[in-house]
Peer 1: 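Structure incoming, see below.
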Amino acid sequence: MRKDTIKHQGKRQQLAALVAEKGIRDEKVLDAIKAIPRHLFMDSSFEDHAYQDKAFPIAADQTISQPYTVAFQTEVLQVSKGDMVLEIGTGSGYQTAVLCELGAKVYSIERQLELFKKTKLFLSKLGYRARYLGFGDGYKGLPDYAPFDRIIVTAGAPFIPKPLLSQLKVGGRMVIPVGKDSQVMTLIERKSKTEFQKTEFGEFRFVPLLEDKN
Ligand code: SAH
């Protein structure tokens with residue numbers, strides 16, 4: 001395993017300060033950014049850039065999301081300790097680690113086999129214990145473990161998948177970037193068995209949520 005040094009830790013403090021400057025107020029989210037060694041979630045050739053507020057390529061043509069995007073999405077999600085959280089798109093595992101830092105019981109799925117295997121091993125080495133890391137199709141959610149208090153989709157969804165709505169608890173929140181070329185960050189709150197309230201935030205850019213491959 002590569003190292004986490006004082007220098008890396010210092011850079012994370014600066015990154016958290018930058019993300020705060022851009023408008024993130026949730027101290028717990030900022031603390032997670034300060035705590036997580038982002039450089040280890042990336043290929044060593046990008047290590048020098050790990051604490052810039054940018055997305056970077058990871059395996060299987062995917063990306064590790066921009067820290068501001070992760071922070072924004074997590075802030076809107078409003079996670080409390082012990083919440084059952086479903087994440088669609090494990091990717092590098094960075095967002096998974098943020099959710100673990102917040103004390104969530106994390107269930108995460110990834111559809112690229114290579115990434116799924118790599119990240120599962122990596123997160124356990126780092127000491128982040130998700131409740132479930134699976135290889136699967138996010139459009140279907142995770143019916144065996146539903147319902148969830150929170151659902152976070154970390155890839156751009158052309159539409160809101162119905163199974164995800166049905167796997168959300170009443171009183172639960174889902175944050176999903178919706179759109180094709182660019183995405184509108186969308187919050188869905190489940191008010192009752194049949195009522196969902198939608199709030200739209202700014203534009204973001206994600207890699208696409210891809211249709212079934214498994
Ligand atoms: N949360 C990740 C973001 C990775 S990018 C991180 O912090 O690094 C989005 C991820 O969603 C990619 O790894 C991609 O392979 C995955 N993905 C795309 N379509 C998917 C689907 N239908 N089901 C599950 N994961 C999907």
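Every number for a ligand or one of its atoms is a count from 1 in the order of the listing. In this text the structure is predicted, and so the values were computed from the model without any measurement.
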Peer 1: Specify side chain, backbone, both or neither for L115, according to which of its non-hydrogen atoms lie closer than 4.0 Å to ligand 1.
Peer 2: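 Looking at L115 and ligand 1, just side chain atoms fall under 4.0 Å.
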Peer 1: Are any of the N/O atoms in I64 less than 3.5 Å from those in ligand 1?
Peer 2: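 Looking only at distances, the answer is no, because the N/O contact criterion of under 3.5 Å is not met.
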Peer 1: Could you tell me whether a side-chain N or O of Q66 sits under 3.5 Å from a main-chain N or O of D53, the two making a donor and an acceptor?
Peer 2: yes
Peer 1: Do H8 and Y51 have side-chain N/O donor and acceptor atoms under 3.5 Å apart?
Peer 2: no
Peer 1: Residue-level breakdown please: for E211 versus ligand 1, do any non-hydrogen atoms fall below 4.0 Å on the side chain, on the backbone, on both, or on neither?
Peer 2: neither
Peer 1: At under 4.0 Å between heavy atoms, which part of Q62 makes contact with ligand 1: side chain, backbone, both or neither?
Peer 2: side chain
Peer 1: Counting from 1, what ligand 1 atoms have a heavy atom of I109 closer than 4.0 Å?
Peer 2: 24 (C), 25 (N)
Peer 1: Check ligand 1 against Y94 and write out every atom of the ligand that is under 4.0 Å from a heavy-atom position of the residue.
Peer 2: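 Those qualifying, in numeric order: 7 (O).
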Peer 1: Under 4.0 Å from any heavy atom of V207, which atoms of ligand 1 are there?
Peer 2: 5 (S), 9 (C)
Peer 1: Out of E114, E110, Q73, R111, who is nearest to atom 15 (O) of ligand 1 when you count heavy atoms only?
Peer 2: E110
Peer 1: Should the heavy atoms of other residues, nucleotides or ligands under 6.0 Å from NZ of K34 be counted, would the total exceed 12?
Peer 2: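 Check passes, neighbour count above 12.
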Peer 1: Which ligand 1 atoms are under 4.0 Å away from a heavy-atom of Q112?
Peer 2: 15 (O)
Peer 1: Verify the ring-centre separation between Y128 and Y94: is it less than 6.0 angstrom?
Peer 2: no
Peer 1: Will you find, in the side chains of E203 and S182, an N or O donor that is under 3.5 Å from an N or O acceptor?
Peer 2: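 Side chains of E203 and S182: pair found under 3.5 Å.
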Peer 1: For atom NZ of K117, is the number of surrounding heavy atoms from other residues, nucleotides or ligands below 6.0 Å larger than 12?
Peer 2: no
Peer 1: What are the atoms of ligand 1, with element, lying closer than 4.0 Å to any heavy atom of S65?
Peer 2: 3 (C)
Peer 1: Between T90 and ligand 1, find which residue part has any heavy-atom pair under 4.0 Å and reply side chain, backbone, both or neither.
Peer 2: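 Answer for T90: backbone.
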Peer 1: With heavy atoms of Q95 as the reference, note each atom of ligand 1 found under 4.0 Å away.
Peer 2: 1 (N), 7 (O)
Peer 1: Can an N or O of D137 be found at a distance shorter than 3.5 Å from an N or O of ligand 1?
Peer 2: yes
Peer 1: Which is closest to atom 18 (C) of ligand 1 in terms of heavy atoms, G91, P208, G138, G89?
Peer 2: P208
Peer 1: Name the orientation class of the two ring planes belonging to Y145 and Y107 (parallel below 30°, tilted from 30 to 60°, perpendicular beyond 60°).
Peer 2: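 Tilted.
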Peer 1: Of all the atoms in ligand 1, which lie at a distance below 4.0 Å from a heavy atom belonging to G136?
Peer 2: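 The atoms of ligand 1 under 4.0 Å from a heavy atom of G136 are 23 (N), 24 (C).
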Peer 1: Show me which atoms of ligand 1 lie under 4.0 Å from any heavy atom of T154.
Peer 2: 1 (N), 2 (C), 3 (C), 5 (S), 9 (C)
Peer 1: When you compare the side chain of T90 with that of F116, does any pair of heavy atoms fall below 4.5 Å?
Peer 2: no
Peer 1: Would you say E87 has any N or O atom under 3.5 Å from an N or O of ligand 1, going by distance alone?
Peer 2: yes
Peer 1: Is there a donor-acceptor contact under 3.5 Å from the side chain of Q183 to the main chain of A157?
Peer 2: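 No.
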Peer 1: Which residue is it: R38, R2, K7? I am looking for the one with a salt bridge (charged side-chain N to carboxylate O under 4.0 Å, His left out) to E47.
Peer 2: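 Testing each of R38, R2, K7 against E47, the sole residue satisfying salt bridge (charged side-chain N to carboxylate O under 4.0 Å, His left out) is R2.
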Peer 1: Should the heavy atoms of other residues, nucleotides or ligands under 6.0 Å from NZ of K169 be counted, would the total exceed 12?
Peer 2: yes
